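Chain A is the first sequence line, chain B the second, and so forth, proteins listed ahead of strands; every chain is numbered from 1. As the structure is a computational prediction, the values presented were derived from the model and not from experiment.
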There are 2 protein chains.
Amino acid sequence: MSNDELSSVFAALADPTRRAILHRLTQGDANVAELAEPFAMSQPAVSKHLRVLEGAGLISRSKVATARYSHLEARPLKEATDYMERFRRFWNSSFDELDAALAAHTADEAERAGATDGEKNDD
Amino acid sequence: MSNDELSSVFAALADPTRRAILHRLTQGDANVAELAEPFAMSQPAVSKHLRVLEGAGLISRSKVATARYSHLEARPLKEATDYMERFRRFWNSSFDELDAALAAHTADEAERAGATDGEKNDD
DNA sequence: CGCTTCCAAAACGAAATGGTTATGAATGTC
DNA sequence: GACATTCATAACCATTTCGTTTTGGAAGCG
């Protein structure tokens, strides 16, 4: 997933209305009126949110009659999650060598006058 | 994690500069100049990004002398990841009953004239 | 004390975001 | 054909975001 795609997925997820829409879509596809119903917001506002979600690849849309159905697309969600998982060991490991290094580092900041990085890593 | 916190974490992650800064911090704490170095961007711009990251709880900052060191805080990343896990089964299961329903759905869009949702769910 | 280094804050501008109302296209119904 | 329903688009507005340049405070160094 490109940097731009990641950015648009996270940006789409940054809005609570859009997250609520995604949750609604876990229960099945829905048209605009159904998606708009829980919100104190005009129909065009919801349509705009749907366009943002579509732009991020988080939903796909199909036209049936006059209705436009939104469908959850999970792949970008998976890729955004995979991205965040790359930081897993920073919350996962309670005290591996990296954590030890960082702890020492923090405890003795004055010492690292010129050197900030380490030799421990994979990202 | 509150809705607002989630929003601010995702918003912080939506910028490639800020994501790069987080990655840099996986290699150890760093001061502003070090963090700014890879970017064609002024120092105040980087300081602003750091403030956004701090606001999202993704970094903490400590003052040593004239230097301000940034430190990666992984907990919000964990919580955002936990949030995303709620969608996991939409990409995880290769062919459970939900996937089957959705696949049929996609393959035959014209057919779902009036019915949009399902009876399968837990969210 | 004077100078330099590190960085935040202020003031500004351009563009994006999130909402509104008004309109109209497309489709199904009477 | 006239009407109602569903929804997108356009035009607009307020606010936020992301960058800039300028300024100045705080701490170490000569």
(message) Measuring only between side-chain heavy atoms, which start at C-beta, is Val52(A) closer than 4.5 Å to Leu58(A)?
(response) no
(request) If a protein heavy atom is under 4.0 Å from the base, mark B; if only from the sugar-phosphate, S; if neither, -; do that for nucleotides 4-19 of chain D going 5' to 3'. (result) --SBBB--------SB
(message) Go through it in stages, so that I can follow the logic: the residues are Arg86(A) and Asp82(A), the test is salt bridge (Lys or Arg N to Asp or Glu O under 4.0 Å), and I'd like the CA-CA distance, side-chain angles, deciding distance and then a yes or no.
(response) CA-CA 7 Å; Arg86(A) 301 210 275 159; Asp82(A) 288 348; over 6 Å; no
(request) For the pair Arg75(B) (side chain) and Gly57(B) (backbone), establish whether a donor and an acceptor sit closer than 3.5 Å, ignoring hydrogens and angles. (result) no
(message) I need the minimum non-hydrogen distance between Val32(A) and Gln43(A), along with the two atoms involved.
(response) CG1-CG, 4.2 Å
(request) Considering only heavy atoms of chain A and a distance under 4.0 Å, specify the first and last nucleotide of DNA chain C in 5' to 3' order that meet this criterion. (result) dG18(C) to dG28(C)
(message) Using the side-chain hydrogen bond (donor to acceptor under 3.5 Å, both in side chains) criterion, which residues pair with Arg51(B)? Sequence neighbours excluded.
(response) none
(request) Might you work through the side chain to side chain contact (heavy atoms under 4.5 Å, CB included) test for Ile59(B) and Arg18(B), ending with a clear yes or no? (result) CA-CA 11 Å; Ile59(B) 65 172; Arg18(B) 287 192 291 261; over 6 Å; no
(message) Looking at every heavy atom in both Ala80(A) and Val9(A), which two are closest together, and how far apart are they?
(response) CB-CG1, 3.9 Å
